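Data first, discussion second: the structure below is written as structure tokens.
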Amino acid sequence: MAHDHPTVLVVEDEPAQREVLSYNLQSEGFEVVSAADGDEALLLVQEVMPDIIVLDWMLPGISGIEICRRLKTKPQTSGIPVIMLSARSEEVDRVRGLETGADDYVVKPYSVLELMARVRNQLRRVRPASVGQRLTYEDIVLDAETHRVTRSDSALKLGPTEFRLLSTFMEKPGRVWSREQLLDRVWGRDIYVDSRTVDVHIGRLRKALCLHGGDDPLRTVRGAGYALG
Ligand code: CA
């Protein structure tokens, strides 16, 4: 399973609500994993590193607030957007929810359409290519919806793997990605691929990007990995 589709973790103890949410998110093209309580949720976060978490506040055992606080204090998970769901609409709760680091807060009963919009909104921030955005880096333009890439207005031909690599780089220019991180993001966690495969595809991507001239925008960072710019 390559990560073309963002993975959403749904944490909700009420089975009917969990199913409705999962169903709607799947219909929107997301990969969905779900948990019924906090312990399961924390395990799943480590296991699948979701792109976003929809988290119920009131859970048996560890509360949603506590889960959120734990995730936001760990560097590996602090960047994952959390949308908190709560039946409690008081302003003070809303403030408390956001203070624990939740990125957004939705009051139950919520409209599924509104929640989907908020999920896309958060993903637009962290994974712009996954929600069909156009990404631009210097003279390179990547259209995630049509899968077209141009450089200085010339169309580039990229294979599917090179396309995913480039969109990963273009989502966070300047960020250094290790080979392992690229493997997880581009090939998926459940597939065994030799890390030298990454180098092969980076080579192809470089070749494609420079086919019509222009400098090589990809940087090899010795002992660390690769970065765009
Ligand atoms: Ca609940």
Side-chain angles (χ1 to χ4, degrees), residues 1-133 171 181 184-185 188-190:
M1 162 180 78
H3 285 202
D4 269 326
H5 304 287
T7 304
V8 184
L9 169 62
V10 173
V11 189
E12 167 66 79
D13 57 315
E14 178 62 45
Q17 291 200 36
R18 195 168 61 237
E19 267 169 41
V20 167
L21 259 181
S22 303
Y23 173 81
N24 280 280
L25 288 162
Q26 276 160 357
S27 321
E28 292 269 313
F30 298 115
E31 299 277 348
V32 179
V33 286
S34 64
D37 62 57
D39 289 310
E40 202 187 347
L42 289 168
L43 281 176
L44 276 173
V45 169
Q46 294 307 320
E47 209 179 296
V48 302
M49 277 291 159
D51 295 293
I52 183 165
I53 303 170
V54 177
L55 178 61
D56 188 24
W57 178 319
M58 300 295 276
L59 293 168
I62 315 169
S63 74
I65 286 274
E66 177 58 19
I67 295 170
C68 184
R69 200 191 56 74
R70 289 192 199 175
L71 295 175
K72 292 296 182 183
T73 49
K74 282 196 195 132
Q76 313 93 284
T77 52
S78 64
I80 304 174
V82 173
I83 300 181
M84 192 79 93
L85 301 177
S86 171
R88 311 155 63 147
S89 62
E90 293 85 358
E91 190 65 16
V92 60
D93 285 338
R94 187 186 149 78
V95 169
R96 217 177 121 215
L98 294 172
E99 266 174 1
T100 59
D103 298 84
D104 202 352
Y105 185 99
V106 174
V107 175
K108 289 180 177 178
Y110 52 82
S111 115
V112 171
L113 280 181
E114 188 200 340
L115 184 61
M116 295 299 130
R118 292 191 185 218
V119 167
R120 278 194 301 272
N121 199 35
Q122 291 297 326
L123 284 171
R124 199 162 286 136
R125 198 165 54 79
V126 291
R127 299 239 3 227
S130 71
V131 283
Q133 298 278 98
E171 282 179 347
Q181 287 167 335
D184 282 353
R185 176 56 75 84
R189 300 197 139 236
D190 358 327

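We count ligands from 1, going down the list as the structure has it; atoms in each ligand are counted the same way. Since this is a predicted model, take the numbers as computed values, not measurements.
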**Pair D104 + R125: basic N to acidic O under 4.0 Å** = no
**I67 CD1 to K72 NZ distance, which is reported to the nearest 0.5 Å** = 13.0 Å
**Prompt:** Has Q17 got an N, O or S atom lying less than 3.0 Å from the Ca ion (ligand 1)?
**Reply:** no
**Message:** Looking at R185 and E171, is any side-chain nitrogen of the basic one under 4.0 Å from a carboxylate oxygen of the acidic one?
**Reply:** yes
**Prompt:** Rounded to 10°, how big is the angle at the Ca ion (ligand 1) from D13 OD1 to M58 O?
**Reply:** 90°
**Asked** Charged N to carboxylate O below 4.0 Å: is that the case for R18 and D56?
**Response** no
**Message:** Using 3.0 Å as the threshold, say whether any N, O or S atom from D56 sits that close to the Ca ion (ligand 1).
**Reply:** yes
